[in-house]
Amino acid sequence: MLDHVESYIEDIGTDYPKVGLVACTHGNERVGLYVHEFARSLKLTRGSLRLIVANVKAALENKRFIDKDLNSSFPGLESDYESGLTRRLIPYLRECDYLFDFHSTTATTSPFSIVRNHVGLAAEVVQSIGLKYAVIKSQSGQSSIDY
């Protein structure tokens with residue numbers, strides 16, 4: 001399914017709010033693919049989900065990126081592979097009312113969330129999914145959650 005596309009986008013439902021779940025911003029961080037698999041089994045009672053595999057090529061090659069870190073490529077002003085992806089992804093990201101970009105690490109740390117805005121609501125969501133920690137991101141402009 002993913003071997004012929006740069007990014008993969010699947011919408012589940014048509015209601016609002018639209019929640020975006022981004023996997024493989026870094027191709028070697030595959031935890032978001034498991035979240036997508038789980039999300040497909042959900043029976044939504046309201047709202048909709050947008051499942052996004054951001055960098056399919058890097059994921060297939062199990063590499064962090066092809067030319068440049070995708071998060072650092074926003075808003076897509078350069079001519080490298082990932083900048084081209086950002087230009088194509090931004091309209092899909094902007095259509096989401098809420099956006100979760102899943103990452104993983106080899107560092108030993110408790111799971112946490114990075115929250116851009118809607119701090120009160122984000123804290124509620126973070127708590128409802130069982131996370132104990134959230135980092136508030138006050139500066140915008142250099143990652144998918146800023147669009």
Side-chain angles (χ1 to χ4, degrees), residues 1-42 44 47-119 121-122 125-126 128-147:
M1 167 172 50
L2 298 179
D3 61 350
H4 64 283
V5 295
E6 295 175 324
S7 297
Y8 173 80
I9 299 168
E10 176 184 352
D11 288 320
I12 300 172
T14 57
D15 200 11
Y16 290 93
K18 182 178 293 225
V19 178
L21 306 176
V22 181
C24 296
T25 296
H26 301 124
N28 62 342
E29 296 179 6
R30 308 178 73 78
V31 68
L33 297 175
Y34 298 106
V35 173
H36 283 189
E37 187 177 321
F38 174 77
R40 285 186 188 94
S41 71
L42 296 174
L44 300 178
S48 61
L49 297 173
R50 172 164 284 168
L51 310 181
I52 301 169
V53 181
N55 196 339
V56 170
K57 186 174 182 178
L60 289 171
E61 294 183 24
N62 199 29
K63 294 168 54 174
R64 186 170 178 82
F65 54 83
I66 300 303
D67 291 328
K68 180 182 171 188
D69 186 307
L70 184 58
N71 263 340
S72 300
S73 298
F74 282 89
L77 301 176
E78 297 178 27
S79 60
D80 57 84
Y81 181 78
E82 278 77 10
S83 290
L85 283 180
T86 64
R87 289 190 297 274
R88 290 184 287 285
L89 283 170
I90 285 173
Y92 295 100
L93 299 172
R94 285 187 173 152
E95 290 176 352
C96 295
D97 299 297
Y98 303 99
L99 192 62
F100 293 85
D101 185 7
F102 293 91
H103 293 264
S104 57
T105 179
T106 56
T108 303
T109 182
S110 296
F112 65 93
S113 174
I114 299 173
V115 179
R116 176 176 50 97
N117 58 12
H118 305 291
V119 174
L121 179 61
V125 171
V126 166
S128 74
I129 61 175
L131 293 178
K132 293 181 181 179
Y133 305 103
V135 176
I136 308 302
K137 184 177 186 285
S138 60
Q139 187 176 0
S140 64
Q142 278 302 129
S143 68
S144 61
I145 63 172
D146 296 311
Y147 291 88

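This chain uses plain numbering: 1 for the first residue, then up along the sequence.
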When you compare the side chain of Asp80 with that of Ser73, does any pair of heavy atoms fall below 4.5 Å? yes

Enter the distance from Glu95:CD to Ile90:CD1 here, rounded to the nearest 0.5 Å. 12.5 Å

Working note: Tyr8 + Leu51, criterion side chain to side chain contact (heavy atoms under 4.5 Å, CB included); need CA distance, chi angles, decisive distance, verdict. CA-CA 8 Å; Tyr8 173 80; Leu51 310 181; 5.5 Å; no

May I ask you to test the Asn71-Asp101 pair for a side-chain heavy-atom distance under 4.5 Å? yes

Tell me, do Glu10 and His36 make a side-chain contact under 4.5 Å, heavy atoms counted? no

For the side chain of Arg50 and the backbone of Tyr92, is there at least one donor-acceptor N/O pair under 3.5 Å apart? yes

Side-chain heavy-atom pair Ile66, Glu61 within 4.5 angstrom cut-off: yes

From Asp67 atom CG to Lys57 atom NZ, the distance as rounded to the nearest 0.5 Å: 8.0 Å

Can you tell me how far apart CG (Leu21) and SG (Cys96) are? Round to the nearest 0.5 Å. 8.5 Å

Decide, yes or no, whether a salt bridge links Asp97 with Lys18 under the criterion of side-chain N to carboxylate O below 4.0 Å. no

With a 4.5 Å limit on heavy-atom distance, are the side chains of Cys24 and Leu33 in contact? yes

Stepwise side chain to side chain contact (heavy atoms under 4.5 Å, CB included) check, Asp15 with Leu44: CA-CA 10 Å; Asp15 200 11; Leu44 300 178; over 6 Å; no

Working to the nearest 0.5 Å, report the span between NE2 of His26 and CG of Leu70. 7.0 Å

Identify the two heavy atoms, one from Asn55 and one from Phe65, that lie closest to each other, and give their separation to 0.1 Å. ND2-CA, 4.4 Å

Would you please name every residue forming a salt bridge (charged side-chain N to carboxylate O under 4.0 Å, His left out) with Glu37, sequence neighbours left out? none

Side-chain (His103) to main-chain (Glu29) donor-acceptor, under 3.5 angstrom: no

For the side chain of Glu82 and the backbone of Lys68, is there at least one donor-acceptor N/O pair under 3.5 Å apart? yes

Could you pull out the closest heavy-atom pair between Pro75 and Thr86, with the gap in Å? C-OG1, 3.6 Å

Ignoring hydrogens and angles, tell me if any N or O in the side chain of Arg30 forms a donor-acceptor pair with the backbone of Ala59 under 3.5 Å. yes

Are side-chain heavy atoms of Leu93 and Phe74 found at a separation under 4.5 Å? yes

So, for Asn62 and Gly27, which heavy atoms are closest and what is the spacing to 0.1 Å? OD1-O, 4.1 Å

